[in-house]
Amino acid sequence: MSLALTGAFHGNERVGLRAEEGVIVEFGRGVQPRPEDETIDAAGAILVPPLLNGHTHAAMTLFRGYGDDLPLMRWLEEKVWPIERQLEPEDVYWGTRLACLEMIRNGTGRFWDMYWHPEAAARAVRDAGLRATVAAPLIDVDGRTEAMREAARRSLDELSESGDRVDAGLAPHAIYTVTESSLRWIADLAAEKGITVQIHLSETEQEVIDCVNANGARPAHYLDRVGLLNPRTVLAHGVWLDESELELIAARGAVIVTNPVANLKLAVGRVFPYVRARAAGIQVGLGTDGPGSNNSLDLFADMKVFALLQKHEARDSAAVTAEETLEIATGRRAPLLGAAPGLEVGQPADFLLLRADAPELSFGELAAALVYAASGGVVQATVVAGQVLMRDGEIEGAEDVLARAFERGHRLGLAPPVYSAYAHAEHA
Ligand SMILES: [Zn+2]
């Protein structure tokens, strides 16, 4: 499989790119297609790396708009958990396909997922053509420790068959939903397999208070004590971390993924201390969190909110630049998240083409336009591993994904709004 792209703007140049077997083999001026290549005429388009969503629960697209504007615990207890107990693998598969559809359209090439039936999520990622690190949420404070450990082992076996675009990980849900002995067990298993661990950490003030009361230490110190703070750890949120925890996380080489939109929507009461995390030397990524609690998977929105919130918090409009925000949102400030270092020969052929004629991109520096003005609507083509997932705004099979996701949602009692084409569709 080979792909050739010609005429794209990259910096101040017009460039071409050829990819073979998913890897860039030629890049720069004067690149010409070969007869066997699939071709893209990129005249009038801007070539950039794809975005990377560092934390989500993709299949929760099915829950979008269901029980919004409730306090967190009521939303979980009355809305989400009762339906999650009925989830079948096919629900997760089509919910994840729906999420992938949205991410492809909005220029996300890779994401980190934590959700039930991870083998179904991994199949959806593979079929959609994206890249992801996929992990089952692990919870055992309900006393089901053996069942949880068995599920963790089984998920790693099943995910090992998921192809080269899917990495398997482990995802203890949080320090307050997993017992200390299981956190230690997960740390040992991850070390033995050399795989990543993603966990929600220090999202709310209550979590910090409870952790100090139960363990005599703040969340990051406790996580370190159980062996889970290391260069393979991805921490989602980190909102309530203090200075000593930031220094510890930097020393251990773990990554923090900030989710500013979800934090605001769930009213966690504080802003992730990014400027202090940066000063400590912590690697940082950007995430949407799940579509049930964001509710969008369009990282362009999260980039803007991230930058504005940090400027506001610092009372300094220069606290975070657009270029820096873009580096964070493409994963270049946190190598563990798995983004390619750049568009160059020998690297994966993962890239976006943006519409140069989009009004939002018509003046000024590109980074500023992308962070402060654009939405995912400026993305014209999304390419992963040399495979064209969206061309001229069209994604093959999109209607089928929408129809099947609706069928699954209907089965769970989650109806689309009346104006949706699928609200009146025939179904069994
Ligand atoms: Zn989350």
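What you see is a predicted model, and the numbers here were worked out from it, not measured in a lab. Just so you know, ligand 1 is whichever comes first in the structure, and atom 1 is the first atom listed for that ligand.
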key: Value rounded to 0.5 Å, distance of NZ in Lys304 from CG in Leu309   =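 Those atoms lie 13.0 Å apart.
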message = With rounding to the nearest 0.5 angstrom, report the CG to CZ distance, Asp224 to Arg218.
response =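 Here the rounded value is 14.5 Å.
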inquiry  = Closer than 4.0 angstrom, basic N to acidic O: yes or no for Glu150 and Arg153?
reply    =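 Yes.
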ask   = Taking 4.0 angstrom as the limit, do Asp350 and Arg131 come out as a salt bridge?
value =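 Answer for the salt bridge query: yes.
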query = Which residues and atoms, protein N, O or S only, are under 2.8 Å from the Zn ion (ligand 1)?
reply =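 For the Zn ion (ligand 1), the protein N, O and S atoms that sit under 2.8 Å away are His55 NE2, His57 NE2, His200 NE2, Asp289 OD1.
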Set of residues satisfying ring pair (Phe, Tyr, Trp, His ring centres under 6.0 Å) with respect to His10, sequence neighbours excluded =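 For His10 the ring pair (Phe, Tyr, Trp, His ring centres under 6.0 Å) partners, ignoring immediate neighbours, are Phe27.
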ask   = Between Tyr115 and Phe63, how do the two ring planes meet: parallel, tilted or perpendicular, split at 30° and 60°?
value =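 Geometry flag for Phe63 against Tyr115: perpendicular rings.
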